[in-house]
Amino acid sequence: MFTNTRNYRAEIIRYEERFKQDFIEMNKDWTQEYFTLEAHDLEQLNDIDKLMSDGAMIYFAIENEKVLSTCMTAPIKNDTWEICKFATNKNAQGKGAGKAVFKAALDYAIKKEAKKVVIYSNHSLKPALHIYHSFGFKEVPVDIDDYDRCNYQAELVVGN
């Protein structure tokens, strides 16, 4: 449960099958609002069960059985995890739901002994970049080509 300074309350929960379609649709809608769905997006959204069986976790901010925000964390190589598929309902923006699910995803990766957590994003997404920086992520050169829209990469080295 989180409560912001305006007494806005939502429950933060781990993945539940009943919210799977909300996760997919929210991420598709968000991506298509700002960019274009790319092959890697569809791979991740179509392979949720496999990602989960490989160790990923999805968090939801829920209010009155409605998803306000969602965020996934997944192992990608060695001790490196990615935080991805981070989306917030337009009506919930600025209320803290996104920051709360992001923190839950980050905490999960750290609990799973991540040594480094990475984020691939775009410089135009100022509110998201603000959240990343508030948790100590530092911008680094982009080292992937999975997304045409990716012109921003940040990482957090854990335990140093």
Side-chain angles (χ1 to χ4, degrees), residues 12 14-15 19-61 67-160:
I12 305 304
R14 290 169 68 145
Y15 179 77
F19 294 120
K20 180 179 181 177
Q21 199 58 42
D22 292 285
F23 175 80
I24 293 168
E25 293 306 317
M26 186 176 285
N27 274 284
K28 281 183 176 180
D29 291 348
W30 179 91
T31 301
Q32 290 174 313
E33 180 174 340
Y34 296 97
F35 307 103
T36 301
L37 277 173
E38 298 181 44
H40 191 63
D41 292 309
L42 297 173
E43 285 172 24
Q44 288 181 314
L45 294 172
N46 291 332
D47 268 345
I48 293 171
D49 296 328
K50 178 170 180 354
L51 289 167
M52 297 294 287
S53 70
D54 289 346
M57 181 53 65
I58 298 170
Y59 286 89
F60 298 97
V67 177
L68 304 179
S69 189
T70 186
C71 187
M72 175 189 277
T73 186
I76 54 174
K77 61 183 175 192
N78 303 325
D79 296 331
T80 301
W81 284 63
E82 177 185 9
I83 292 184
C84 56
K85 300 298 171 251
F86 179 31
T88 299
N89 179 304
K90 280 184 176 257
N91 298 326
Q93 289 178 349
K95 296 181 179 179
K99 193 170 190 176
V101 292
F102 183 88
K103 180 182 183 327
L106 177 59
D107 289 348
Y108 182 85
I110 292 169
K111 182 179 174 186
K112 293 294 186 175
E113 301 181 2
K115 300 292 183 233
K116 181 168 61 172
V117 182
V118 297
I119 297 166
Y120 304 106
S121 190
N122 186 285
H123 281 103
S124 68
L125 303 172
K126 302 294 185 209
L129 300 185
H130 176 75
I131 290 173
Y132 308 153
H133 291 206
S134 74
F135 282 96
F137 282 79
K138 304 289 185 217
E139 186 172 0
V140 298
V142 175
D143 68 3
I144 65 158
D145 60 5
D146 290 348
Y147 300 105
D148 288 338
R149 68 178 176 265
C150 181
N151 66 8
Y152 172 90
Q153 180 175 331
E155 60 184 43
L156 177 69
V157 176
V158 180
N160 287 346

| note | Residues at least two apart in sequence or cross-chain that pass side-chain hydrogen bond (donor to acceptor under 3.5 Å, both in side chains) with Lys126, listed by chain then number, are none

| message | I'd like to check Lys138 versus Glu155 (side-chain heavy atoms, cut-off strictly below 4.5 Å). Are they in contact? | response | no

| Got more than 12 heavy atoms from elsewhere within 6.0 Å of NE2, His123? | yes

| Is the shortest heavy-atom distance from the side chain of Glu82 to the side chain of Gln44 under 4.5 Å? | yes

| field | Listed once per pair and sorted, the side chain to side chain donor-acceptor pair (under 3.5 Å) pairs that draw on residues 49-61, sequence neighbours left out | value | Lys20-Asp49, Lys50-Asp54

| said: Does any part of the side chain of Thr88, heavy atoms only, come nearer than 4.5 Å to the side chain of Trp30, both counted from C-beta? | reply: no

| message | Would you say the rings of Phe135 and Phe102 are close, in the sense that their centroids are separated by under 6.0 Å? | response | yes

| said: Once rounded to the nearest 0.5 Å, what's the spacing between atom SG of Cys84 and atom CD1 of Ile119? | reply: 10.0 Å

| message | Within this structure, what is the CG-CD1 distance for the pair Leu51 and Ile76, rounded to the nearest 0.5 Å? | response | 11.5 Å

| So do the side chains of Tyr34 and Arg149 get within less than 4.5 Å of each other, counting heavy atoms only? | no

| query | Is there a side-chain contact between Tyr132 and Tyr152, using heavy atoms and a 4.5 Å cut-off? | reply | yes

| Looking only at atom types and distance, does a side-chain atom of Glu38 sit under 3.5 Å from a main-chain N or O of Asp148, one as donor and one as acceptor? | yes

| task | Kindly indicate, with the supporting measurements, whether the criterion side chain to side chain contact (heavy atoms under 4.5 Å, CB included) is fulfilled by Asp143 and Tyr120. | result | CA-CA 9 Å; Asp143 68 3; Tyr120 304 106; 3.8 Å; yes

| field | Phe19 and Phe60 aromatic ring geometry - parallel, tilted or perpendicular at 30°/60° bounds | value | tilted

| task | Please tell me if the side chains of Lys85 and Thr70 come closer than 4.5 Å, counting only heavy atoms from C-beta onward. | result | no

| Where do Val158 and Val117 land on the side chain to side chain contact (heavy atoms under 4.5 Å, CB included) test, with the steps shown first? | CA-CA 8 Å; Val158 180; Val117 182; 4.2 Å; yes

| message | Just to verify, what does Ser124 make a side-chain contact (heavy atoms from CB on, under 4.5 Å) with, not counting sequence neighbours? | response | Phe35, Asn122

| Leu106 CG to Leu156 CG distance, which is reported to the nearest 0.5 Å | 6.0 Å

| field | Glu113 CD: over 12 foreign heavy atoms closer than 6.0 Å | value | no

| Using 4.0 Å as the upper bound for N to carboxylate O, is an ion pair formed by Asp107 and Lys103? | yes

